Amino acid sequence: MSKLLMSIAFTLAGTGFALADAGGDAEKGAQVFRKCASCHMVGEDARNRVGPHLNGIFGQPAAMVESFRYSNAMTEAGEDGLVWDYDTLSRFAENPRDTVKGTRMSFRGIADPDDRNDLVAYLRQFSDNPADIPEAAPTTTGLDHSVAPEILSIVGDAAYGEYLSGECTSCHQASGQANGIPSISLWPEQDFVTALHAYKDGAREHPVMQMMASRLSNEEIAALAAYFATIDQ
Amino acid sequence: MGQLDRRHFLSLAAGATAALSAPMVRAGGHGKPRVVVIGGGAGGATAARYIAKDSDGAIDVTLVEPSRLYYTCFFSNLYLGGFRDMNSLGHSYGNLAASYGINVVHDWAVGVDRDAKTVTLAGGHVLPYDRLVLSPGIDFVDGAVDGWSVAAQNKMPHAYKAGSQTELLKAQIEAMPQGGVYAMVAPPNPYRCPPGPYERVSMVAHLLKQINPTAKILIADPKEKFSKQGLFEEGWQNHYSGMIDRIGPDFGGDEVSVDPGEMTLTIGGEVTKVDACNVIPAMKAGRIADIAGVTDGNWAPVNAQDLSSKIDGNIHVLGDACAQGDMPKSGFSANSQAKACAMGVRGALTDSSVFPARFSNTCWSLISTNDGVKVGATYEATDEKIAKVDGFVSSTGEDAGTRQATYEESVGWYDGISADMFG
């Protein structure tokens, strides 16, 4: 167990599940959540995407969302006693990769403690009443780029994707380890395809990714998505 | 060759599936086909790993590399600047042996018999091959800098093969007297890592600014222009104003001699006493390429699709040592070429499918703390060469957040390519 996890576990043992409200503003938190929404959904109809949906996260041990393939690190953190509450969520949001070393979550973190308080207050709304998950603000759901249905419906050939993936793994680690360059392993195909088309179409800005995506055909993007969605880490 | 269309691909894939279930091997009557890879850097380690991984045991892979611990040349400038320690640049070959079944031999290759298809090692062993992959990196051209030879490399280090040379150079820079002079003799084109000398100057300046702020940096450069020049010059102005003086060919940067005994550098007839002198001579392919007889001049010409030698089709030459066309000599390029080579070798030895090769390269450079820049391009195989398709370069005047993100990305790339090389 990492030192931090031990300290988190210790804190929990001392306080029980007192999910103390740190006084965040849920409305502002909805704005903060936009940073998370490229990978996570909350609210009615939320489903797993690049990251797990976050409904009902309060009081849950880490890595408990069904049918989401977590990193080994996150699974172990859950087994070691990491439970999500105001404190642990805030710490994780501050620096995910330091808090759970080996997480696939590629996010630099939110430095401002007020922003984190607001974010956690926002997330709390989707945990209070499992029978009645509120709708999320429209700005905080959905993909950031629109791709034609006929492109999304292409069935990718994972074997071809494996060949093509050599161009990706010079930078993106197949294991999902991420430090400065995001993990692209085990993404839902739709998210993968949407992200690459967003670079290809110039909607997402990154010179390397725009260049790499610009010469991938629709079939090749689908093939890569199929391969990375099922990659054996 | 153009883009592979889907129908063409599907017909190839059907063949590939059949080949994977029962690999048809072409091994001249001695069981499994054998591949020997010489050189365990970004080209050789990647090629060995991909051939072993993708052939799933159908090909015997032997990797010959003298060093038990490999220090990457990429990021070694960051060691000089104090951003990395040497240990963080060292990689062992244990995982390539344990997880991929590669036979890792720590020895020097000293002979290649192309008719018998064997490699002789310094220890006397002879390794037969069906395909030989050479990825030996660079050696230096004898007499390229008047007065300098490898015998003088402890007085005037090149530090262009990472490890003890890099540590020696850093120690010499740290030992400079206050206000002393660090000189660099920059290499002529083509050479390993085009932005490398200038990133090094940036990192040396970063170090000196902290420990020896009145020191000067003198660059003797035979080239009119250099990689990312505008970005470096802007960065030097911003971070190290007045410290760095570059003398190009117009002022004698191409007429240089050194005296390692006297610690002097002569540029265009003018003698300067220096306190640390980093001589980066003109380069050529690592010696084994010459021994194998696959060089033409300083480099080994290769075909673009599979990096096979234009002189001997059973030999492939990767990375810095080959003359392939438009790609810069870089670790990223070598890693990219290694995958096309691995696919070609597998295709030749096991009938697995071969797709049109595609290549890419990105080179990140660090100018100062959190001030990273990058240049990159994509390439394709043509009948003539590896040809550039598209490219980009960082802009001058970028904001601090962009530069920091670029640096952080380079750190991620280091981890990524290391995992891609060593498993």
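Protein chains get the first letters and strands the later ones, always in sequence-line order, with residue 1 at the start of each. This one's a predicted model, so the numbers in the text were calculated from it and none came from an experiment.
- Going from atom OH of A/Y163 over to atom OG of B/S352 covers 11.5 Å, rounded to the nearest 0.5 Å.
- Between B/K374 and A/P207, the shortest heavy-atom distance links the atoms CE-CG, 3.7 Å.
- The ring-ring contact (aromatic ring centres under 6.0 Å, His included) pairs that include a residue from residues 195-219 of chain A number zero, where partners must be two or more places apart or lie in different chains.
- Comparing B/A42, B/S336, B/A377 by how many heavy-atom pairs each has under 4.5 Å with chain A, the most go to B/A377.
- Below 4.5 Å, heavy atoms of chain A meet heavy atoms from B/Q404, B/A405, B/E408, B/E409, B/V411, B/G412, B/W413, B/D415, B/G416, B/I417, B/A419, B/D420, all part of residues 404-423 of chain B.
- Between B/R358 and A/E220, the closest side-chain pair of non-hydrogen atoms falls below 4.5 Å.
- In the displayed structure, A/K28 atom NZ is contacted under 6.0 Å by at most 12 heavy atoms of other residues, nucleotides or ligands.
- Separating the OG atom in B/S360 from the CE atom in A/M212 is a distance of 3.5 Å, to the nearest 0.5 Å.
- Taking each heavy atom of A/S170 and B/K339 in turn, the nearest pair found is OG-NZ, 3.0 Å.
- Legend: residues meeting side-chain hydrogen bond (donor to acceptor under 3.5 Å, both in side chains) with B/N87, ordered by chain and number and at least two apart, are absent.
- If you take CZ on A/R215 and OG1 on B/T378, they are separated by 4.5 Å, rounding to the nearest 0.5 Å.
- Ranked by heavy-atom pairs under 4.5 Å with chain B, the list A/P182, A/S214, A/G166, A/A178 is led by A/G166.
- Other residues, nucleotides and ligands contribute over 12 non-hydrogen atoms within 6.0 Å of the CD atom of B/Q229.
- A side-chain donor from one of B/Y50 and A/T169 sits under 3.5 Å from a side-chain acceptor of the other.
- Applying the side-chain hydrogen bond (donor to acceptor under 3.5 Å, both in side chains) test to A/D25 and every residue at least two apart in sequence or in another chain returns nothing.
- With a 4.5 angstrom heavy-atom cutoff, B/V389 touches chain A only via side-chain atoms.
- Contact of B/T362 with chain A is made through the side chain alone, with heavy-atom distances under 4.5 Å.
- Rounded to the nearest 0.5 Å, atoms SG (A/C171) and CH2 (B/W364) are 4.0 Å apart.
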